[in-house]
Amino acid sequence: MDTRLTSGDVYVTSPHRNYVIVRLETADGLVGWGDATLNGREKAVEALLEHHVLPELQGHDASRIEDVWQMLFRQTYWRGGPVLNTALAGVDMALWDLKGKEAGMPVYDLLGGRTREYAAVYEHCGADTTDGILENCRNALDLGIEHLRVNPTNDPEEYLRRDNLLGTMETIREALGPEPELIIDVHGRLDPIESARVARELEPIDLFFLEDPIRPENKDAFEVVRERSVTPLAMGELFSNPWEMIPLVEERLVDYIRTDLAHVGGVTPARKLATIGEHHYVRTAFHGPFDISPIGYAATVHLDLAVPNFGIQEMPEYVRADESYPGIEDVFQGGVEFVRGSGGVDLPDEPGLGVSVDLDAVAEHSYEPDTLPRPRNKDGSVQDW
Ligand code: KDG
Ligand code: MG
């Protein structure tokens with residue numbers, strides 16, 4: 001087989017929201033797709049791929065995934081960071097897709113084969129009122145989903161009002177009973193000691209995990225939370241250099257690796273992080289928001305199905321069985337399926353990542369400028385989204 005790369009293209013498409021996708025083709029005409037979506041900064045990644053990464057790849061052997069990864073990570077000299085590593089992720093996923101198509105195997109088989117029949121998911125059930133949260137939870141439970149993310153508020157002041165957070169969580173726990181697994185995403189909105197207080201206060205609620213309890217910059221600050229509470233912690237969606245996750249895993253400061261395959265550099269580094277986690281009794285909970293495309297989500301679930309220390313998988317709204325996103329379905333075909341009743345997702349037995357793309361639909365749904373929310377505190381100062 002002639003696996004030299006003969007063409008590379010990047011597209012930004014907005015079938016419901018913006019996705020950046022990478023298409024690689026080999027001399028033999030095999031096509032691989034990858035996800036390089038960086039929410040709110042799509043055009044920066046597109047320019048990097050178009051002007052630098054994709055032209056430089058021409059003629060390289062697509063079958064040498066690790067070699068290409070090392071080349072793009074180390075030989076740019078400037079390494080890591082969300083823009084560079086999201087572009088790298090797009091290439092890496094497309095190479096795994098090609099490798100699977102070449103071998104006639106799903107990517108999870110290339111990664112060692114299935115360790116489970118499906119990947120259990122959690123559903124985002126946040127709402128403005130407790131009744132709204134409970135309604136979303138009951139809808140998810142009706143679909144068989146047993147892990148529910150119930151963010152009672154986005155306001156850090158409300159987090160710290162004892163009657164508010166603990167009171168709301170007690171109401172939710174009483175209404176749903178002891179069985180559903182409950183998650184809260186703090187989204188880095190609290191300082192370490194505030195988060196420690198929240199983690200400790202919520203121990204009687206028996207959370208599955210507290211997500212992003214602090215901002216990602218200072219890893220040492222995790223000790224402040226960890227030393228004070230036994231509430232399990234999950235972190236990593238904001239990391240874009242795989243090495244950022246390692247001290248937290250090696251020192252067992254977190255219980256779940258939440259890196260995003262599309263931001264950390266693709267399947268190649270995420271698989272290594274999962275293995276490091278396995279050796280330290282830390283499980284995976286890879287990021288799976290709406291702003292990851294069906295290609296990136298498929299890559300994530302391939303890894304979920306293969307790793308022994310899988311913990312849980314976040315599920316974007318477009319995968320849910322009872323919701324339809326026609327634009328997304330026009331652009332992307334195949335990929336992850338919700339398995340009704342199991343509380344999990346699975347992949348059909350297709351070679352590669354198993355997602356194809358309709359280029360006419362891509363052209364119909366062109367890029368739409370957008371930014372992430374920009375919240376402010378009461379006094380007008382910047383608050384983390
Ligand atoms: O682009 C930002 C989103 O990916 C993020 O806000 C979603 O925190 C998030 C999550 O856990 O899905
Ligand atoms: Mg999050």
Side-chain angles (χ1 to χ4, degrees), residues 12 14 16-20 35-45 81-83 85-86 89 119 121-127 133 136 140 145 147-156 159 181-190 195 198-199 207-217 222 225 231-240 244-245 248 254-264 270 284-297 299-301 304 311-320 336 345 368-375 382-385:
V12 186
S14 189
H16 182 77
R17 55 185 306 145
N18 291 313
Y19 297 120
V20 182
D35 183 6
T37 306
L38 183 60
N39 190 16
R41 292 290 182 264
E42 296 86 359
K43 287 293 194 181
V45 184
V83 176
N85 268 14
T86 302
V121 292
Y122 75 75
E123 164 95 344
H124 181 64
C125 300
I133 295 172
N136 291 341
I145 299 171
H147 296 74
L148 312 165
R149 190 166 71 182
V150 293
N151 299 353
T153 174
N154 288 338
D155 177 349
Y159 262 103
E181 298 284 5
L182 303 178
I183 292 169
I184 295 179
D185 185 358
V186 176
H187 233 246
R189 293 182 180 117
L190 298 176
S195 226
V198 165
L207 288 184
F208 187 71
F209 60 62
L210 193 65
E211 175 176 326
D212 280 355
I214 59 173
R215 298 206 297 270
E217 296 87 4
F222 266 83
V225 189
T231 291
L233 303 175
M235 182 75 190
E237 68 178 66
L238 279 167
F239 296 161
S240 50
E244 286 181 276
M245 193 73 230
L248 297 185
V254 294
D255 304 278
Y256 293 88
I257 298 171
R258 249 188 86 60
T259 40
D260 183 320
L261 266 67
H263 300 153
V264 82
T284 64
F286 294 124
H287 197 212
F290 213 141
D291 44 278
I292 188 167
S293 84
I295 300 169
Y297 196 54
T300 307
V301 174
D304 291 338
I312 192 71
Q313 178 58 58
E314 181 180 6
M315 182 172 67
E317 289 87 325
Y318 59 75
V319 175
R320 263 182 71 129
V336 178
V345 289
E368 286 176 20
D370 200 4
T371 60
L372 276 101
R374 291 182 170 151
V382 168
Q383 176 52 252
D384 278 80
W385 157 235

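Numbering starts at 1 and runs along the sequence shown. Just so you know, ligand 1 is whichever comes first in the structure, and atom 1 is the first atom listed for that ligand.
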Under a 3.5 Å distance rule, please check whether Asp212 uses its side chain to pair with a backbone N or O of Val186 as donor and acceptor.
no
If you round to 10 degrees, what value do you get for the angle at the Mg ion (ligand 2) between Glu211 atom OE2 and Asp185 atom OD2?
80°
Do any of the N/O/S atoms of Asp212, backbone or side chain, fall under 2.8 Å from the Mg ion (ligand 2)?
no
Does the side chain of Asp35 pick up a donor-acceptor pair with the side chain of Ser293 at under 3.5 Å?
yes
Shortest non-hydrogen contact from Tyr19 toward Asp291
CE2-C, 4.0 Å
Check: Gly288 main-chain N/O paired with Glu314 side-chain donor or acceptor under 3.5 Å:
yes
Which of Thr153, Asp384, Asn154 passes side-chain hydrogen bond (donor to acceptor under 3.5 Å, both in side chains) with Arg189? Answer is Asn154
Find all protein N or O atoms under 3.5 angstrom from an N or O atom of ligand 1 and list the pairs with distances, or write 'none'.
residue  : atom   : partner : partner atom : Å
ligand 1 : 1 (O)  : Asn39   : ND2          : 2.8
ligand 1 : 1 (O)  : Asp291  : OD1          : 3.4
ligand 1 : 1 (O)  : Asp291  : OD2          : 3.2
ligand 1 : 4 (O)  : Asp291  : OD1          : 3.1
ligand 1 : 4 (O)  : Asp291  : OD2          : 3.0
ligand 1 : 6 (O)  : His187  : NE2          : 2.9
ligand 1 : 6 (O)  : Trp385  : NE1          : 3.3
ligand 1 : 8 (O)  : Asp185  : OD2          : 3.2
ligand 1 : 8 (O)  : His187  : NE2          : 2.7
ligand 1 : 8 (O)  : Glu237  : OE1          : 3.3
ligand 1 : 8 (O)  : Glu237  : OE2          : 2.7
ligand 1 : 11 (O) : Arg149  : NH1          : 2.8
ligand 1 : 11 (O) : Asp185  : OD2          : 3.3
ligand 1 : 11 (O) : Glu211  : OE2          : 2.7
ligand 1 : 11 (O) : Glu237  : OE1          : 3.0
ligand 1 : 11 (O) : Arg258  : NH2          : 3.0
ligand 1 : 12 (O) : His287  : NE2          : 3.3
ligand 1 : 12 (O) : Glu314  : OE1          : 3.3
ligand 1 : 12 (O) : Glu314  : OE2          : 2.4

Of all N/O/S atoms in Glu237, the name of the one nearest the Mg ion (ligand 2):
OE1
Is it the case that the side chain of Glu211 and the backbone of His187 share a donor-acceptor pair, with hydrogens and angles ignored and the cut-off at 3.5 Å?
no
Can you confirm whether or not the ring centre of His124 sits under 6.0 Å from the ring centre of Phe290?
no
